[in-house]
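Data block below; observations after.
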Amino acid sequence: MSLIGNIIWILLGGIWTALGWLLLGCAFCISIVGIPLGLQCFKMASLTLAPFGKEIVYGGGAPSLLANVFWVILAGIPMALAYLIAGVLNCLTVIGIPFGLQSFKMAKLALLPFGSTVR
């Protein structure tokens, strides 16, 4: 079931979103200061490309908490809201519910990426 969900996800726009995250990560990694942000963008790209069958494990500690506070203030809220809106729109139909649930998973990661691991 994960394979079918991922194929449909990729065909309906997941590839473009993942490429956007990948390009953003490369842009951040140009400067040394932006490397931590770039790594989080690469994490989002891997989840956005094929979200079905993957889980997110949260952890970290004080450094991750501090980084997440800055991330939420600077970029996390708009990204999480976009994924939440996409999730709600997907959940309006029965067929879209699995895709909406994946959007909700990405919204949480977009809000708190530091200290999390995608498995």
Can you check whether P51's main-chain N or O pairs, donor with acceptor, with K105's side chain at less than 3.5 Å? yes
Donor-acceptor pairs under 3.5 Å, side chain of residues 12-34 to any protein atom, not counting sequence neighbours: which ones?
residue : atom : partner : partner atom : Å
T17     : OG1  : G13     : O            : 3.2
W21     : NE1  : Y83     : OH           : 3.0
S31     : OG   : G34     : N            : 3.2

How close do I56 and S116 get, heavy atom to heavy atom, and via which atoms? CG2-CB, 3.9 Å
Interatomic spacing from OG in S2 to NZ in K54 - rounded to 0.5 Å: 10.5 Å
Is the CG atom of L92 crowded by more than 12 outside heavy atoms at less than 6.0 Å? yes
For K108, does the NZ atom have more than 12 heavy-atom neighbours from other residues, nucleotides or ligands under 6.0 Å away? no
Rounded to the nearest 0.5 Å, what separation is found between the CE atom of M44 and the CG atom of L109? 5.0 Å
Using a 4.5 Å side-chain heavy-atom cut-off and chaining through intermediate ILVMFWY residues, the residues clustered with L11 come out as L3, I7
Do the side chains of I97 and N90 get nearer than 4.5 Å, heavy atoms only? no
Check whether any side-chain N or O of N6 sits under 3.5 Å from a backbone N or O of F52 as a donor-acceptor pair, and report yes or no. yes
When every non-hydrogen atom of V72 is compared with those of L112, the smallest separation belongs to CG2-CD2, 4.1 Å
What's the shortest heavy-atom distance between A110 and M79, and which atoms? CB-CB, 4.0 Å
To the nearest 0.5 Å, atom CG of L37 lies from atom CG of L74 at 8.5 Å
Test item: L84 and S103 side chains (from C-beta on) under 4.5 Å apart, heavy atoms: no
Provide the closest heavy-atom pair for C91 versus G100 in the form atom of the first, atom of the second, distance. SG-CA, 3.8 Å
Which heavy-atom pair separates I10 from L49 by the least distance, and what is that distance? CG1-O, 3.2 Å
Do the side chains of V118 and M106 join up, straight or via other hydrophobic residues, at under 4.5 Å, putting them in one cluster? yes
Connected via hydrophobic side-chain network under 4.5 Å: W71 and L66: no
Decide if the gap between the ring center of Y58 and the ring center of F114 is smaller than 6.0 angstrom. no
For residues L47 and I4: do they belong to one hydrophobic cluster (side chain heavy atoms under 4.5 Å, members Ile, Leu, Val, Met, Phe, Trp, Tyr)? yes
Taking all non-hydrogen atoms of both residues, which atom of T48 and which atom of W9 are closest, and how far apart? O-NE1, 2.7 Å
